[in-house]
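Residue numbers count from 1 along this sequence.
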Amino acid sequence: MVVLAFAAGLGLLSIASLAPPAINANPTSTEFSSARAREYLKAITLKPHPIGSPAHAEVRDYILNALVNMRFQPQVQTTTAVNTQWEPPYRGATVENIVAKLQGTANTRAVLLVAHYDAAQLSLGASDDGAAVVSLLETLRALKASAPLKNDVIFLATDGEEAGLLGATAFVQQHPWAKDVGVVLNFEARGDHGPSIMFQTSDENGWLIDEFAESVSSPVANSLSADIYKLLPNDTDFTVFNKAGMNGLNFAYIEGSGVYHSSLDSMANLDERSLQEHGMSALALARGFGNSNLNGPRNSGNDVYFDLFGRTLIHYSRTTALVLSTLVTLITLGVIALGLRRGLLTWSGQALGFLALLLSMIAATLVVMLVSWALDTLAVSQTSFQQGDTQTNHLYLIGFALLAVATTAIIYGLFRKKVSVDNLATGALLWFLLLLIAAHIYFPGGSYLFVWPLLSALIVWILKFTLPAGKLSLTKLCLISAVCAAPGIILISPLIYQIFIAVGISQTSLIVVAVTLLLGLLLINFEFVASSFRWLLPAAATLAAVGFIVAALLQPRQQPKSNEIFYALNADTGKAVWATSDARPDEWTSQFLSTNAATAPLNDYFPWLSGGEVFLQQSAPATTLAAPEIKILDDQVQDQIRQIHMRVSSPRDAAQLFIYSGTEISEASINGQPLAKRQDAPAWQKDQMLIYSAPPREGVELVLKTKSSEPLILKVVDRSFQFPELTNVTIKARPSDIVPTPFSYSDSTFIGKSFSLP
Ligand SMILES: [Zn+2]
């Protein structure tokens, strides 16, 4: 039991050690100071500042001013950018990127430091991505206070990241400095605390990983997460740089995802240590890459890498990994052959050992799925299974892991009646061998997870099979086994935790399978515990699991209440509504929606919605605000193709234009930027939309070509990020314990007008 406690303790230590380092209370002028960075952050997180909002302009000016105060000569790159790479709708914006350059003494190529200064619509943007912006400002200050670097360092605060990676797109496509970039370092956040993880690299990353390992004092990174991230649909500005062929590294802290894109992403909720770790990495890497030859020959292989306790990075090439894996495979087969020859292992025993771990994985997954289904269905508590890495979900995680221990222990208790422990334990190692081979085929970056634990676990069996029988007592074997399981525990436990943080408690099967696999390294210890009482471990683990799950159920509700309400006016009919996708009005939205509010579609207001979407709505007084306008500048037909040149504007200076076309458009451009997904497809399909953020007051210029001889049908809806002023309507302030629903239409005013151009 002591040994199992040691294993659990080591696992927890390897998770806890990932936390960012403590605040540097007395930084020198050349060191990174989170306290100095916090001063900037205070100023830029006063209000939500999505692109197109007045608060956004204040943040832009503040950053410019901070740069000027540091004696930089910042520029604003104001231009139109479009993103047609994502699924429709298309995204576009008039972005205002902030750039500044710290001149190097003998520039080879530039180091580009990137963070985005726009925030999600309802977010104060403290973590996403204010902390990153201010860490880069503080990095610039520290660089300026130090000996000059060889290479130029470019500071880029991108705009319109949340609106579609638009600032980054504008920089790579249109800024003259883009072609000089040698390495990109991008900083992001998806929560409010946790280590700043280096989770993504460009391809052929050997030289990047070399520098990262050498420069960064608290590296948290592994090549498996980089492989997995490639499969996820998530995007950051780094995607744009990477696609443009730039090399670099991408960082984010992701714990506390409950605040993501919400008004809770505030300075009060931010863990200053995460900001500091962003900054320390940025500063160390700016110095490292800043003094290297970014044009010279480089290690262009791909590395396998992983951190140990967040303190040091182990890294080697994929070729080395392959050689290592081949050796370990041969040793595994050799050890099993030795066991078979000495009569300690049997073929059937190996098969049963392999089967036992498989059954444990399946059984543990089923048990945990059943328990979570029961908790969910019986709705024992509203606190069950909310998204995110809340305190409650941490307790569930431990409870589920313990259920996996109990299930595995029961299965092994049953198998043990028929099969020797030697067969069961070595048979389980065949899973590591199988996964090692699979990793090399599918996730080369993940081979480290299996090769080191397997190699270490084999030591037990090399000793057992070479020493004379009876030389190693069960107690000794148990101790050796625990020590040899350490690499597995140290490498796999943080990964289990990171899976939980990244994808949430709902992905229980992945978490449970990983826990069970880890237990496959500790079967001799199971044997030792069972030698005193067969059901001791299953009973103790079940009891502890129940304890944690009950504790989770007793937790108070941790996620704040949220609601959505928005205002929409259809200028064609003069009708207006208050509407929400919430099921019913709550204590605050009931001021807009009476109890007899109806649920109906809003297609008259938003023609891009499919018919199926319905909203709870109530008629509202019409605002006197002006509707969007279209002014035709030119309209002609040539070779049966009609080309219309128009200006689309929001006279009320709204933050976004939703431009919807009811006609198929063969070619289109906005402010001269072409809109096209593929060369052969129509530029703009019928019922498709372009969301254009921060249109200038005078409007945007749209050129559309269509083969249709019917009237051209357009609908333009503009959106501002506030409620309208209405006569005789006073809106009560939202209670402080309710937040506007993130990713929703909440707290916006939409005014739409249809246009039919005959
Ligand atoms: Zn972001």
Side-chain angles (χ1 to χ4, degrees), residues 101-114 136 139 143 147-156 168 171-172 175 177-187 196-227 229-230 236-251 280-307 312-324 440 443-448:
K101 193 186 272 187
L102 180 63
Q103 217 81 40
T105 53
N107 184 41
T108 56
R109 301 191 84 177
V111 180
L112 179 65
L113 299 173
V114 188
L136 298 186
T139 296
L143 289 175
L149 301 173
K150 251 172 64 182
N151 294 324
D152 293 350
V153 174
I154 300 171
F155 166 88
L156 169 61
F171 183 83
V172 301
H175 201 283
W177 292 353
K179 60 181 187 314
D180 185 43
V181 172
V183 63
V184 184
L185 305 169
N186 186 58
F187 295 85
S196 170
I197 304 169
M198 197 286 284
F199 67 101
Q200 188 185 15
T201 73
S202 51
D203 205 22
E204 303 186 342
N205 61 22
W207 63 286
L208 295 163
I209 297 298
D210 288 346
E211 188 61 61
F212 176 70
E214 194 171 316
S215 299
V216 173
S217 58
S218 57
V220 178
N222 69 66
S223 42
L224 175 66
S225 70
D227 276 358
Y229 186 79
K230 277 186 200 151
T236 66
D237 275 343
F238 191 79
T239 309
V240 175
F241 300 112
N242 201 15
K243 275 193 185 151
M246 294 183 186
N247 299 300
L249 304 173
N250 200 3
F251 296 78
M280 284 168 63
S281 297
L283 181 56
L285 287 169
R287 285 185 174 133
F289 286 118
N291 277 327
S292 65
N293 181 357
L294 292 176
N295 270 333
R298 56 175 57 155
N299 166 7
S300 62
N302 267 311
D303 264 10
V304 171
Y305 54 90
F306 53 93
D307 67 88
T312 179
L313 194 84
I314 310 291
H315 59 116
Y316 44 85
S317 71
R318 283 205 188 155
T319 316
T320 310
L322 197 60
V323 172
L324 190 66
H440 273 284
F443 294 103
S447 63
Y448 77 93

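Rounding to the nearest 0.5 Å gives a distance of 5.5 Å between CG of D180 and NZ of K101. Atom-to-atom distance recorded for L208:CG and R298:CZ is 7.5 Å, nearest 0.5 angstrom. For the atom pair CZ (F443) and NZ (K230), the distance works out to 10.5 Å, reported to the nearest 0.5 Å. How far CZ of F289 is from OG1 of T108: 11.5 Å, rounded to the nearest 0.5 Å. A distance of 9.5 Å separates CD of Q200 from OG of S225, quoted to the nearest 0.5 Å. Atoms CG and CG, on N151 and N291 in that order, are 7.5 Å from each other to the nearest 0.5 Å.
Among residues two or more places apart in sequence or in another chain, the side chain to side chain contact (heavy atoms under 4.5 Å, CB included) test is passed with I314 by F306, L308, Y316.
Summarising the geometry of E204 relative to S300, their closest heavy-atom pair is CB-O, 3.1 Å, with the distance given to 0.1 Å. Residues L149 and A286 come closest through the heavy atom pair CD1-O, 3.6 Å. Of all non-hydrogen atoms in L283 and T139, the two that sit nearest each other are CA-CG2, 3.7 Å. S223 approaches G445 most closely through the heavy-atom pair OG-O, 2.7 Å. Nearest approach of L113 to L136, heavy atoms of both residues: C-CD1, 3.8 Å. Considering all non-hydrogen atoms of both residues, F187 and S281 come closest at CE2-CB, 4.4 Å.
Here the side chain of N247 pairs no donor or acceptor atom with the backbone of V183 at under 3.5 angstrom. N205 places no side-chain N or O within 3.5 Å of a backbone atom of N302 that could act as its donor or acceptor partner. Side chain of R109 to main chain of K179: a donor-acceptor pair is present (N/O by atom type, distance under 3.5 Å, no hydrogens or angles).
Within the 4.5 Å cutoff, side-chain heavy atoms of L294 are placed close to those of W207. Using a 4.5 Å heavy-atom cutoff, the side chains of D303 and D210 are in contact. Side-chain contact between F241 and L156 is present, with heavy atoms from C-beta onward closer than 4.5 Å. Contact check for W177 versus F171: side-chain heavy atoms found under the 4.5 Å cut-off.
Each of L112, L102, V111 was scored for a side-chain contact (heavy atoms from CB on, under 4.5 Å) with I154, with one residue passing: L112.
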Take L324 and Y448 through the test side-chain contact (heavy atoms from CB on, under 4.5 Å) and record every step on the way to the result.
-> CA-CA 10 Å; L324 190 66; Y448 77 93; over 6 Å; no
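Of the N and O atoms on the side chains of N186 and N250, at least one donor lies less than 3.5 Å from an acceptor on the other residue.
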Show every donor-acceptor pair shorter than 3.5 Å between a side-chain atom in residues 212-219 and any protein atom, with sequence neighbours excluded, or say none if there are none.
{"residue": "S215", "atom": "OG", "partner": "E211", "partner atom": "O", "Å": "3.1"}
{"residue": "S215", "atom": "OG", "partner": "E211", "partner atom": "OE2", "Å": "2.6"}
{"residue": "S218", "atom": "OG", "partner": "E277", "partner atom": "OE2", "Å": "2.8"}

